[in-house]
Amino acid sequence: MAETSTNPGGSNPERPPHFIEQMIDADNAAGRWGMWPTTTTPRVHTRFPPEPNGYLHIGHAKSICLNFGLAKKYAGKFNLRFDDTNPAKEEQEYVDSIKRDVKWLGGEFDDGPNAGGVFFASDYFDQMYEFAKELILKGKAYVCELSAEEVAKRRGSPTVPATSPYRDRPIDESMRLFREMKLGRFPNGSKTLRAKIDLASPNFNLRDPVMYRILHEAHHNTGDKWCLYPMYDWAHGLEDSLEGITHSICTLEFENHRPLYDWFMNAINEGRTPDGSGPWGRIVHHSQQIEFAKLQLTYTVLSKRNLLRMVNEGLVRGWDDPRMPTISALRRRGFPASAIRDFADEVGCTKTESVIDIGRLENAVRHTLNKTAPRAMGVLRPLKVTIENWPEGKTDELDFVVNPEDASAGTRKVSFGREIYIEQDDFMENPPKKFFRLAPGQEVRLRWAYFITCTGVEKDAAGNVVGVRATYDPATRGGDAPLGPDGKPTKKVKGTIHWVGAHNAIEAEVRLFDRLFAAEAPGERTGKWEDDLNKHSLEVVRAKLDPALAAAKPGETYQFERLGYFTADPDGAAGSPVFCRTITLKDTWAKEAGREANG
RNA sequence: UGGGGAUUGGUGUAACGGUAGCACGACUGACUCUGACUCAGUUAGUCUAGGUUCAAAUCCUAGAUCCCCAGCCA
């Protein structure tokens, strides 16, 4: 399916620049990061640095769109970098899914003008180790032999300093122990390398943070080469430095870490010179950390930990269950990547923590799909209508407009006959005033077909409506009333309803999704998000569909007219599709009817 | 009881001492062979209290509320 977007790069030129763009504009004006080689284009190099310990979700999408969007806007580069410094939590499966999801969203990391490449923190372990030894030599790091429990005990309080008896150990002793740590001579947790900063700092991140811990554990990338793994704070700035990242964008909770980020880079650069003269060599690149507020959504839980629990506890059918907020689930459900990009751009980028109405995402999806999705008719809850004055066995092939928003999509044929199905909701035996659909004595238009008038109702023994009888008006073929002498239609009907022919409709499973959570802020009420799970988030129906839909391939999205957008699911087989409801159409009638019912 | 951030209509977001604007929602209406889409209109806001200024969302002072921080997680 062709994808269009009002802003394909995820960056709308009409929109005023957000605070990060303003910073970049200022940096560029000041020449802060220099130019790309042989150009006069100021260097802007961003990265998306996920830890491969889970599937990416819509919150990550915001970050990907932000970082890639900046690289694109400023004709710079964008890296995908796996922050794989903790072998205990990371897996190849997640690496694969993250690559797939970033690429699908439009983050070009290995192909295209803004592709900077794909990298792994673990690729830099050797260089990080060398930098660490340099800090030891400079007297800025030491090997500490306190256990984790002891460190916690000695952490102090905001006003009471921490302590460590190993802080003033001689440089050569730390160096020897650090080398032996690498050689695997010590068990897990027995020693750490700590930065010597300030045990009394009100910012706990500066109270001699751990740079390396001993972890005898195989790594998905480096195997069993290492038993010494760097901590995030030590590693991250080095990764950015080695890749020449200019703007290292992260979320708000890392604001307290920025002084440490800068301390590490300054410690490395102390004694280094621009031309490399002197004992420590050339100054290394020091990028700018910038924090922004991560995405939060109503009716949604967004944290890898909790999403992992939903998967493991069987609350959903997997990471790509279409009710999940993961990228792979949204893709399966039929949300177009361009709609997610538009959404990310619309919600903006600030340091204010805000909660976005999930309806904004849904609207972005409707907006995109309205222009791209071919239309079809399908009946979710069928009610049979018999056209009494239509000859038995006769069919009529009528023109159906494939997409009213896109004339180039053309028309195709739909087949009409004596028996058809309409939606149960489109018939009422005792309708309220403004019900424009089918009711006894009332006339409606069958979309692209004929006007019909309801002449009777068939009921079962219990009094339920099981069928409807009607007559059609032969003069309305194609759905238009004949014109009178004044050139105007001789009659008008208020309602148009969708239908499928009983003689040729296919039957298909259709999965109707509702929000996974029934509460706007899951867990707010009781402290447990489980208590707010929506028990009706999945409904499965057997629908009657236009036979043309039998050919739908997984991933293709159609608008079932008057109902919503539906995407063929991989669970379907050739000729017997399964559809997921991507999103409903807006339904002001349902709103009105609901209002009336509630008084 | 320490440190770091944030606060503008219902929601999100502009303004960078000089007319508080935009988007989404909601509500009206127009249009309509989708009660969709589209279009038009209406609605509604600067956390509080002082101060500086001809002029304050913006600067100053004091306060309020919310978020983050004491992992060998990221």
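Everything numeric here is computed off the predicted structure, so don't read it as measured data. Naming convention: chains lettered A, B, ... in sequence-line order (proteins, then strands); numbering from 1 in each chain.
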Using a heavy-atom cut-off of under 4.0 Å over every strand shown, decide if [X] touches base, sugar-phosphate, or nothing.
| X | answer |
| --- | --- |
| K304(A) | nothing |
| Y212(A) | nothing |
| I356(A) | sugar-phosphate |
| T350(A) | sugar-phosphate |
| N53(A) | nothing |
| E255(A) | sugar-phosphate |
| T192(A) | base |
| K89(A) | base |
| R562(A) | base |
| L206(A) | nothing |
| T85(A) | sugar-phosphate |
| Q22(A) | base |
| Q559(A) | base |
| G156(A) | base |

| message | Tell me if the aromatic rings of F436(A) and W589(A) count as close, with their centers under 6.0 Å from one another. | response |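 No - the distance between ring centres of F436(A) and W589(A) does not fall below the 6.0 Å cut-off.
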[atom1] atom, [N] versus [M]: distance in rounded Å?
| N | M | atom1 | answer |
| --- | --- | --- | --- |
| rA70(B) | rG4(B) | C1' | 14 Å |
| rG18(B) | rU38(B) | P | 36 Å |
| rG5(B) | rG10(B) | P | 29 Å |
| rC31(B) | rA40(B) | P | 15 Å |
| rU48(B) | rG12(B) | C1' | 24 Å |
| rC60(B) | rC69(B) | P | 29 Å |
| rU46(B) | rA56(B) | P | 15 Å |

In whole Å, I'd like the distance from the [atom1] atom of [X] to the [atom2] atom of [N].
| X | N | atom1 | atom2 | result |
| --- | --- | --- | --- | --- |
| E346(A) | rC22(B) | CD | P | 17 Å |
| N205(A) | rG2(B) | CG | P | 18 Å |
| D357(A) | rA23(B) | CG | P | 18 Å |
| M428(A) | rG35(B) | CE | C1' | 15 Å |
| H367(A) | rC39(B) | NE2 | P | 9 Å |
| R305(A) | rA74(B) | CZ | C1' | 14 Å |
| R258(A) | rC68(B) | CZ | P | 18 Å |
| I20(A) | rU13(B) | CD1 | C1' | 15 Å |

Between [X] and [N], is there a contact of a side-chain N or O with OP1 or OP2 at under 4.0 Å?
| X | N | answer |
| --- | --- | --- |
| R213(A) | rC73(B) | yes |
| T352(A) | rA6(B) | no |
| K591(A) | rA26(B) | yes |

| Any donor-acceptor pair under 3.5 Å from D473(A) side chain to Y450(A) backbone |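 Flag not set: sc D473(A) to bb Y450(A) has no pair under 3.5 Å.
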| task | Output yes when a side-chain donor or acceptor of T476(A) lies under 3.5 Å from a complementary backbone atom of P474(A), and no otherwise. | result | no
| pi-stack flag for F204(A) and rG3(B), centroid dist under 5.5 Å, interplanar under 30° |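 No; by the centre-distance and plane-angle rule, F204(A) does not count as stacking on rG3(B).
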| query | Using the rule for Phe, Tyr, His and the six-membered ring of Trp, do W589(A) and rG35(B) stack at under 5.5 Å and under 30°? | reply | yes
| Do the numbers put K491(A) on top of the ring of F451(A), so that NZ or CZ is under 6.0 Å from the six-membered ring centre and no more than 45° off the axis? |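 No; the conditions do not both hold, so K491(A) does not lie above the ring face of F451(A).
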| said: Here's one to test your reading of the geometry: is the NZ or CZ of R515(A) within 45 degrees of the ring axis of F517(A) and under 6.0 Å from its centre? | reply: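 Here R515(A) fails the 6.0 Å and 45° test against F517(A).
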| said: Quick check for you: to the nearest 0.5 Å, what is the distance between R194(A) atom CZ and Y166(A) atom OH? | reply: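 Between R194(A) CZ and Y166(A) OH, I get 11.0 Å after rounding to 0.5 Å.
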| task | Please say which of K304(A), E90(A), R305(A) ends up in a side-chain hydrogen bond (donor to acceptor under 3.5 Å, both in side chains) with N53(A). | result |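 It is K304(A), the one option of K304(A), E90(A), R305(A) that forms the side-chain hydrogen bond (donor to acceptor under 3.5 Å, both in side chains) with N53(A).
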May I ask you to verify whether the side chain of [X] and the base of [N] hold a donor-acceptor pair under 3.5 Å?
| X | N | value |
| --- | --- | --- |
| R375(A) | rU34(B) | yes |
| R437(A) | rG35(B) | yes |
| N256(A) | rC68(B) | yes |

| message | Just by distance, no angles: are the side chains of H220(A) and D84(A) close enough, under 3.5 Å, to form a donor-acceptor pair? | response | yes
| request: Let me know, please, whether K494(A) or A590(A) comes out on the 5' side of the other along RNA chain B by nearest nucleotide. | output: K494(A)
| Residue met sooner reading RNA chain B from 5', once P49(A) and F560(A) are mapped to nucleotides |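 With P49(A) and F560(A) compared, the 5'-side residue is F560(A).
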| The side chain of K351(A) lies closest to which of these nucleotides: rA74(B), rU34(B), rA6(B)? |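 From the listed options, rA6(B) comes nearest.
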